[in-house]
Amino acid sequence: TTQAERGRELFLKTSKGIACGTCHTMAGVGIAVGPDLRTLASAVGPRPLVMTIRMTVTAYVQDVTTSEGEFPGIQKGKQGDQIDIWDLSKIPPVLRTLKASQVKSMKQSSTWKHPPASARYNSQELADIVGFLKWAATGSQTEIMPSEVE
């Protein structure tokens, strides 16, 4: 739909900050760093999706301390002595492969903020993003009205 197209554009690039597609993938676009949004978008309505977009702290982000310093990250996986961690201090995030011995600690971050929380999207933009997420997750072609996300 036209709304899903507008939402897709905002998902991929925005002048209001870091776009969702910098860390999430939907409909074959974006980077699969953060949680998969298909399950969420297919299970909840417009307002809970907007609450997720606006939330500041996430449970997935860890403060990773290494011998070289500290960075916010999301662990992608661990195999043997190697840990793959998305370094969120870089835009777009960079996948780092570290030896377990290089990681001094990992604890839930209390300082990292979900980038879209500061984007200040207006109601129409949020409705368009939600329209794209709903279309990508379920094939829904129902237009999301701005009043449904306020």
Checking Ser67 against Gln102: is there a side-chain donor and acceptor pair closer than 3.5 Å?
no
In sequence, state the C-alpha distance, the side-chain angles, and the governing distance for Met26 and Leu133, and then conclude on side chain to side chain contact (heavy atoms under 4.5 Å, CB included).
CA-CA 7 Å; Met26 280 300 269; Leu133 296 174; 3.8 Å; yes
Is there a donor-acceptor contact under 3.5 Å from the side chain of Thr1 to the main chain of Ala4?
yes
For Asp84, is there any backbone N or O sitting under 3.5 Å from a side-chain donor or acceptor partner on Arg96?
no
Starting from the C-alpha separation in whole Å, work towards a yes-or-no answer on side chain to side chain contact (heavy atoms under 4.5 Å, CB included) for Tyr121 and Val149.
CA-CA 11 Å; Tyr121 291 115; Val149 300; over 6 Å; no
Whether over 12 other heavy atoms sit under 6.0 Å from Met55 CE
yes
Residue pair Ile85, Met106: steps toward the side chain to side chain contact (heavy atoms under 4.5 Å, CB included) verdict
CA-CA 11 Å; Ile85 303 172; Met106 288 179 66; 4.1 Å; yes
To the nearest 0.5 Å, how far apart are OG1 in Thr25 and CZ in Phe11?
6.5 Å
Taking the side chain as every heavy atom from C-beta outward, state whether Glu70 and Lys104 have any pair of such atoms under 4.5 Å apart.
no
Point-to-point distance, once rounded to the nearest 0.5 Å, from CD of Gln3 to CD1 of Ile129
10.5 Å
Under a 4.5 Å side-chain heavy-atom rule over Ile, Leu, Val, Met, Phe, Trp and Tyr, are Ile144 and Val44 clustered together?
yes
Under 3.5 Å donor-acceptor, Gln75 side chain and Ile83 backbone
no
Spacing of CD belonging to Glu150 relative to CE belonging to Met145, to within rounding of 0.5 Å
10.0 Å
Gap separating the CG atom of Asp63 from the OG1 atom of Thr111, nearest 0.5 angstrom
4.5 Å
State the NZ-OG1 distance between Lys13 and Thr22, to the nearest 0.5 angstrom.
12.0 Å
On the 0 to 90° scale, with breaks at 30° and 60°, tag the His24-His114 ring pair as parallel, tilted or perpendicular.
perpendicular
Compute whether any side-chain donor of one residue and acceptor of the other, for Thr97 and Gln82, lie under 3.5 angstrom apart.
no
Answer whether the closest heavy-atom distance between the side chains of Leu126 and Arg54 falls below 4.5 Å.
yes
Can you check whether Arg38's main-chain N or O pairs, donor with acceptor, with Ser42's side chain at less than 3.5 Å?
yes
Would you say Leu40 and Phe132 are hydrophobically clustered, going by side-chain heavy atoms of ILVMFWY under 4.5 Å?
yes
Please check if the number of heavy atoms outside Trp135 that lie under 6.0 Å from its CH2 is greater than 12.
no
Let me check something: do Leu37 and Val33 share a hydrophobic cluster, defined by ILVMFWY side-chain heavy atoms less than 4.5 Å apart, either directly or through other members?
no
Got a sec: does the NZ of Lys16 have more than 12 other heavy atoms crowding it under 6.0 Å?
yes
Might you confirm whether atom NZ of Lys78 has over 12 heavy atoms from other residues, nucleotides or ligands at distances under 6.0 Å?
no
Closest non-hydrogen atom pair, Trp86 against Pro93:
CZ3-O, 3.7 Å
Close side-chain approach of Gln62 to Ile74, heavy-atom, < 4.5 Å:
no
Under 4.5 Å between side-chain heavy atoms, counting indirect links through other Ile/Leu/Val/Met/Phe/Trp/Tyr residues: same cluster for Tyr60 and Ile53 or not?
no
Verdict with supporting geometry, Lys134 and Val130, side chain to side chain contact (heavy atoms under 4.5 Å, CB included)
CA-CA 6 Å; Lys134 288 290 194 182; Val130 169; 4.1 Å; yes
From CD1 (Ile91) to CD1 (Ile18), nearest 0.5 Å
3.5 Å
Is there a path of hydrophobic side-chain contacts, each under 4.5 Å between heavy atoms of I/L/V/M/F/W/Y residues, joining Val57 to Phe71?
no
